**Student:** 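Pasting in a structure now, in structure tokens, and then I'll have a few things to ask.
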Amino acid sequence: MAKHYEFEEVETRWQQRWIQEGTYEIENDDVRPPYYVLSMYPYPSGQAHQGHIRNYTFGDVLVRYRTMQGFGVLSPFGFDSFGLPAENAAIKGGAHPLEYTEARIAELKQSVLRLGAVYDWRREIRSHDAEYIRFNQMIFTHLLKNDLAYRKGGLVNWCPGCQTVLANEQVESDGTCERSGDLVEKRSLEQWFLRITKYSDELLFALDDLDWPERVKTMQRNWIGRSEGARIRFLVEGLPETSIEVYTTRPDTGFGATYLVLAPEHALVDLLTTDQQRDEVNALKALAVAESDIERQSTDGELAKRGAFTGSFAINPYNNERIPIYLADYVLSSYGTGAIMAVPAEDQRDFDFAQIYGLPVVRTVATPPDFLDGAYSGEGIKINSGFLDGLDVATAKARSIEWLESRGFGSRSVQYRLRDWLISRQRYWGCPIPVVFCEKDGIVAVPDDQLPVLLPRDVQFLPTGESPLMSHAGFLHTTCPTCGGPARRETDTMDTFVDSSWYFLRFTDPFNTETAVNFEAVRHFMPVDQYIGGITHAIMHLLYSRFFTRVLGDVGLSPEEIREPFGQLFCQGMVRLGGRAMSKSRGNVISPDEYFASIGADALRLFHLFVGPPTDDIDWGDQTNEIIEGCSRYLRRVWRLAVDGGPSDGAAATAAKDLDGESRLLVRTVHQTIMKVTEDFDHYGFNTAVAECMSLTNAITRANRIGVDRAIVDEAIDILLRLLAPMVPHLAAEAFEIRNNAHVHCAPWPLADPDLAKEDRVTMVVQVNGKLRDRIEVSASIDEQEAISIAFGSGQVIASLAGKSPNRVVARPPNLVNIVV
RNA sequence: GCCCGGAUGGCGGAAUGGUAGACGCGGCGGCCUCAAAAGCCGUUGUCUGAAAGGGCGUGCGGGUUCAAAUCCCGCUCCGGGCACCA
């Protein structure tokens, strides 16, 4: 009997060895075909929880699997180390964000190392490092020069909890902050934006060719929100110089436009409002300002109080009818032109409004016979529409646009929901925006040779809601790089999503001190072959990264031909406890440490791989510890099987032998398992890969017991260890080394021999009227006639037929015969 | 409201038109042991039966097919995303 498996000693020893031997370090001139596996770099929140473990286990399996397959795998790791929690901790009287963050990084890194996940640690990136800040800022100033970054005033989202403005993407649909949950307010501020909308179409259309989960692509499509329609100009009665432009996706319904509606913030409101209507209009404007976004977008509010007549009239260009101009809070100034033509017959919201205000309804599409009442937005034949009558909706849309364009009343127009990305944050712990404000020269970018602009250490963290940089004289007051005169430094820092929008490019050559991105290295490794992370990043991080990859190419900072950063995206499920996602901020964390100590990293990894499909959420429940214990028990079995018999005698055993009986059976199982596990790894089928390995283990145990040739069994065990190596790397490495004096992670991935995997006898199912009546062992090579005659020879079948003659016989040799009577 | 998932034993799950429940957890029985732990062997959807066997069975109701967890139609429930976006 070999000694008990000392997982703690073995695991830590191999972890050191992989680092010392540089097993997973890769050079950029490596001759193997490149392969880039990346798990989203984490915000360092301290010790890992089970969500991290799950994530990094999946990534590590792929790194080790692809390495064994002969790829030169790039597997880097880093930390998204700027962010609010560190600063909030400082305000609450904790350590300086720098020390706080570096302590959390050390904790998380410790967990990841102890898990046995392998990375090229030479390439580690931390977004708060001076070198990363420098290139982040250089990217910003290049965007500024290319008019892709700009400063603009206007209403922005302000989170009172986070004490900073937010990007649209960071506001939930209920109007709350995605981080703090506070109700987001509107504030009028001048802020920095990145021109992501310039890429709307490219970001949208390129989704079609991406090998990403469909739901992520759908979410991005919805977020970009492209709609095609027309802008139409309505003349205003009595004001010959004035016209109102509306945007509509239904230019075919113009003959049914019986009134216009403007957003309360619309620039023409005051001009259009008659004295008689002024009080009513002002009341509505006041209401719209006071309302939160939730109230404003709610469908519950009483419509009667949410609209107001301006007293003015416009002329419908389709039919020259005089139609009233209203205001309503539900029309948004930020979308389209901030004004709509209302077609109550074909839009439910317009219909409801028309009912309240007694406005006419004119149908322009024939409704189906079973249609009752209300707005009808479906397909149909145009009616009451002059030159459009008799056309279908799609044709009428196109014809309307031609008609509008020929008369100068409008034109084709595409609208997007996507807004430019607001990146200013009024916080300390982020990358400073590298500009100064000079009275003489205005906004001046800090030149490349003066970067980085670093955060001063000696600031005061006070709960004032103002960035500590505002009150740091040494930081604030500077000189203008252009004229040398006095200037004020920008005190806003960048959204941390900027940091994470290009780190994957930097990983290809983080040693480069000349430029942010090394073109040659990017061309070698990009795009990321397998990107792994949570679905929570479906919009923000993944959209911004797609934008950055393009924009860096277009401003000459990265190869222009690399448009998409992530070839294949894999979104793992969440780990839940008590019905909620496990996370430190929610305080429902199960630490991996107790498992590292009690059963080891391999057993915990195996649990995460085995418990269910990796895309599914898992609930940490009552039975979880028993399942983990089962994984540990399985590994002890593998260990005994592998180590008890001494060194392996299995080299090329199958090649030298004529196989029959139980030996043949075992060899067949081995080769079938290789095929299935390989297939599973290629499609993230980790749970079934584990199950296949367990089945093979059972088969080897049985073969051992009944005395199958030692060399055959040894070969099977060695292949089992190679299949297990990506999943349980420590145990596989130790056992393989004891048996073969070789490093399993440097061994090639086993190849299946299809001939050896082939079944020669199979179980044929015989059904009568589709019901299972017998199972018969047959040769795999039987033909249809043989299958049928064997089926009719079955006693069970004869009894079931009870003398009746069959109507029809369906044979699928060698698996099935179905007799229909 | 719209869109996308999902529902299978006591539990996690497997099977994507051809043996439902692989693999594991839990349970039950046995071996080993003074005993326990560890380990090993067997068994385990459900009803019926002494057994052989038979009936039923993949959320519900229909349909297609020789054959449906799987495909189609109509529901129910659960999860997620989007939502006065004109």
Side-chain angles (χ1 to χ4, degrees), chain A residues 1 4 173-174 213-219 221-223 225-227 229 246-250 253 261 263 296-301 303 306 328-332 334-343 346-350 352-353 415-418 535 538-539 574 579 606-607 610-613 615-619 621-631 633-634 636-637 640 676 685 687-698 701-702 705 762-775 796 799-800 806-812 815-821:
Chain A
M1 270 305 246
H4 181 66
S173 55
D174 63 356
E214 211 44 56
R215 61 187 170 141
V216 174
K217 297 205 280 184
T218 302
M219 283 161 77
R221 284 191 189 104
N222 289 340
W223 187 261
R226 184 181 205 269
S227 80
V246 304
Y247 172 73
T248 179
T249 54
R250 292 293 301 272
T253 61
V261 190
R296 183 139 173 197
Q297 291 179 10
S298 158
T299 44
D300 301 337
L303 269 176
R306 300 179 60 186
D329 67 348
Y330 69 77
V331 174
L332 307 176
S334 58
Y335 187 79
T337 62
I340 63 164
M341 67 176 200
V343 185
E346 274 101 34
D347 183 287
Q348 188 60 44
R349 195 187 42 222
D350 294 345
D352 295 340
F353 192 87
Q415 290 296 314
Y416 302 89
R417 213 185 81 104
L418 184 69
I535 187 87
I539 295 174
M574 287 184 306
L606 194 65
F607 160 76
F610 181 56
V611 70
T615 45
D616 284 8
D617 291 346
I618 62 166
D619 283 298
D622 302 337
Q623 241 195 75
T624 302
N625 280 333
E626 282 163 348
I627 299 172
I628 295 173
E629 185 49 47
C631 291
R633 201 154 52 222
Y634 168 69
R636 288 198 294 267
R637 272 183 65 204
R640 286 193 304 272
K676 287 181 195 154
N687 56 327
T688 46
V690 175
E692 295 302 338
C693 288
M694 286 174 168
S695 289
L696 176 58
T697 309
N698 293 340
T701 304
R702 178 173 172 277
R705 191 169 65 237
V762 297
T763 304
M764 183 175 81
V765 171
V766 186
Q767 298 175 330
V768 176
N769 287 332
K771 281 189 189 284
L772 176 72
R773 287 299 173 228
D774 205 359
R775 296 167 212 226
Q796 296 293 338
S800 300
N807 275 324
R808 183 173 171 185
V809 180
V810 179
R812 293 284 178 275
N815 297 310
L816 172 131
V817 172
N818 187 11
I819 300 163
V820 186
V821 293

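None of the values given here were measured: they were computed from a predicted structure. Note on naming: letters A, B, ... go to the chains in the order of the sequence lines (proteins, then strands), and numbering restarts at 1 for each one. Every heavy atom of this structure was used, including side-chain atoms; hydrogens, water molecules and symmetry mates were not.
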**Student:** Heavy atoms only, 4.0 Å cut-off, all strands: where does A/N687 land among base, sugar-phosphate and nothing?
**Tutor:** sugar-phosphate

**Student:** Taking O4'-C1'-N9-C4 for purines and O4'-C1'-N1-C2 for pyrimidines, is B/G59 syn (within 90° of 0) or anti?
**Tutor:** anti

**Student:** B/A86, OP1 or OP2 - any side-chain N/O from A/Y247 closer than 4.0 Å?
**Tutor:** no

**Student:** What's A/N698 touching, base or sugar-phosphate or nothing? Going by heavy atoms closer than 4.0 Å.
**Tutor:** sugar-phosphate

**Student:** What closest approach, in Å, do A/D350 and A/A342 show between heavy atoms, and which atom pair accounts for it?
**Tutor:** OD2-CA, 3.3 Å

**Student:** Tell me which of A/G336 and A/R775 sits closer to the 5' end of RNA chain B, going by the nucleotide each one is nearest to.
**Tutor:** A/R775

**Student:** Dump the pairs, protein N or O against N or O of nucleotides 40-45 of chain B, anything under 3.5 Å, distances to one decimal.
**Tutor:**
unit_1: B/C40; atom_1: OP1; unit_2: A/R640; atom_2: NH2; d: 3.2
unit_1: B/C41; atom_1: OP1; unit_2: A/R705; atom_2: NH1; d: 2.7

**Student:** Is the shortest side-chain N/O distance from A/R215 to OP1 or OP2 of B/G80 below 4.0 Å?
**Tutor:** no

**Student:** Give every pair of a protein N or O atom and an N or O atom of nucleotides 16-18 of chain B that lie under 3.5 Å apart, one pair per line with the distance.
**Tutor:**
unit_1: B/G18; atom_1: O6; unit_2: A/R812; atom_2: NE; d: 3.2
unit_1: B/G18; atom_1: O6; unit_2: A/R812; atom_2: NH2; d: 3.3

**Student:** Consider the side chain of A/Q623, meaning its heavy atoms from C-beta on, and name the nucleotide among B/C23, B/C11, B/A86 that approaches it most closely.
**Tutor:** B/C11

**Student:** Between A/A691 and A/W223, which has a closest nucleotide on RNA chain B that is more 5'?
**Tutor:** A/A691

**Student:** Protein within reach of the bases, or only the backbone? For nucleotides 51-58 of chain B, mark each nucleotide 5' to 3' as B, S or -, using heavy atoms under 4.0 Å.
**Tutor:** ---SSS--

